[in-house]
Amino acid sequence: MNIQLLGVHSCESQNTKLTSLLIDDILVVDAGGLTSSLSFPAQQKIKAILLTHQHYDHIKDVPAIAFNFAMWNAAIDIYSILPVYETLTTHLLNGKLYPKFLEQPQGNPTIKFTIIEPYQIERIEGYNVLAVKVNHSVPTVGYQITSPDGKVVFYTGDTGPGLADCWERIAPQLLIIEASAPDRFKEFYESRGHLTPTLLKQELSSFQKLKGYLPQVVVVHLNPGLEEEIKAEIAAVAEDLNHPISVGYEGMQLRL
Ligand SMILES: [Zn+2]
Ligand SMILES: [Zn+2]
């Protein structure tokens, strides 16, 4: 399994893209920094997009990728939970802001949307995909993705603390998890369903206690203006846990 981090930030600029991962060139998770990160030929290889939740920084490029697939007279599969489907069809792809790509062209719409249920394994392009609820300000799922050769990654999406139930349900070799801001903003970020390094440390300790191991850990969803502080605090957490933690960056390649 080859995972490319397309976007790892919570604010967009020339050098920082919104959250998006690309797996084996065909599977995308979250579409914040999708079209802005990939050439047209690379976009054409994409078979399916999984969305963790409805927030703009995770769905931003859905209209853009739909326009491109419409240009190629092709269709793309999108998978997510019901609230994301409702948000997209009501507010974004509604015929006012953007075309109704979930209905048009009639009979063969550009976006084929599948509503998934948490805790039921979905078979997508040969991968087993398990959606697991996490703790954010709107309904959100993380995805455990298992490749045909048995490699396992879990990506949390946006989440605050309290992930013990989530950890019970998964067993990844690689954990991609958020750390949005440094600890001096802990209360504010925690109240909005995000993690800071100290909260991440608690969640990783809980993982280790429940599962008896720690996976490879990469943090994403970084506030670009606070990144150096986040990095320093993540390094301290890694030392406390005696376990390496990588800070993600645009273009980072992870191999399993
Ligand atoms: Zn969010
Ligand atoms: Zn976000």
Side-chain angles (χ1 to χ4, degrees), residues 3-13 15-23 28-37 49-65 78-93 115-116 118 131-145 153-163 165-166 175-183 185-197 199-200 203 217-227 229-231 233-234 247-250 252:
I3 299 152
Q4 193 184 340
L5 304 187
L6 302 178
V8 303
H9 288 94
S10 56
C11 298
E12 188 181 53
S13 71
N15 307 316
T16 62
K17 306 285 184 200
L18 301 178
T19 310
S20 221
L21 320 177
L22 179 64
I23 298 176
V28 168
V29 194
D30 278 343
L34 177 56
T35 46
S36 60
S37 303
I49 299 172
L50 312 171
L51 301 172
T52 58
H53 67 300
Q54 69 206 37
H55 280 156
Y56 181 71
D57 57 319
H58 299 255
I59 62 161
K60 179 179 79 71
D61 287 349
V62 168
I65 196 87
I78 298 185
Y79 296 81
S80 194
I81 49 177
L82 180 62
V84 175
Y85 171 84
E86 289 175 342
T87 302
L88 284 177
T89 50
T90 305
H91 299 294
L92 204 57
L93 306 171
I115 296 166
I116 53 164
V132 180
K133 286 183 186 175
V134 296
N135 301 321
H136 194 37
S137 54
V138 295
T140 302
V141 291
Y143 288 104
Q144 176 166 271
I145 299 166
V153 59
F154 185 77
Y155 163 58
T156 59
D158 289 0
T159 187
L163 294 170
D165 179 68
C166 171
L175 173 66
I176 302 174
I177 187 166
E178 74 135 281
S180 293
D183 282 326
F185 297 106
K186 179 168 163 286
E187 264 170 46
F188 176 85
Y189 275 81
E190 184 174 4
S191 72
R192 278 148 183 81
H194 290 291
L195 297 174
T196 65
L199 296 168
L200 173 68
E203 296 310 312
V217 180
V218 178
V219 297
V220 296
H221 205 264
L222 312 160
N223 181 322
L226 304 167
E227 194 162 348
E229 267 181 86
I230 299 170
K231 279 182 178 167
E233 292 178 6
I234 289 291
V247 177
Y249 55 88
E250 278 80 13
M252 187 181 199

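Counting starts at 1 for both ligands and their atoms, following the listed order.
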- Query: Any N/O/S atom of D57 sitting less than 2.8 Å from the Zn ion (ligand 2), backbone or side chain?
  - Reply: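 Coordinating: yes.
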- Task: Rounded to the nearest 10 degrees, what's the angle NE2 of H136 makes with OD2 of D158 at the Zn ion (ligand 1)? Could you check?
- Result: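 Result: 100°, to 10°.
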- Could you pull out the atom name of the N/O/S atom in H55 that is nearest the Zn ion (ligand 1)?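 The H55 atom nearest to the Zn ion (ligand 1), restricting to N, O or S, is ND1.
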- H53: its N/O/S atom lying closest to the Zn ion (ligand 1) (atom name):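 Atom name of the closest N, O or S in H53: NE2.
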Tell me the closest heavy-atom pair linking [X] and [Y], and the distance in Å.
X	Y	answer
N135	G162	ND2-O, 2.8 Å
H221	S180	ND1-OG, 2.9 Å
P63	L92	CG-CD2, 3.8 Å

- Check: D158/H55 side-chain N/O donor and acceptor closer than 3.5 Å: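 The criterion, which ignores hydrogens and geometry beyond distance, is not satisfied for H55 and D158.
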- For H58, what is the atom name of its N, O or S atom nearest to the Zn ion (ligand 2)?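 Checking each N, O and S atom of H58, the shortest distance to the Zn ion (ligand 2) belongs to NE2.
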- Query: Among L175, L21, I145, whose side chain to side chain contact (heavy atoms under 4.5 Å, CB included) with Y155 holds?
  - Reply: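 One option only clears the test, and that one is L21.
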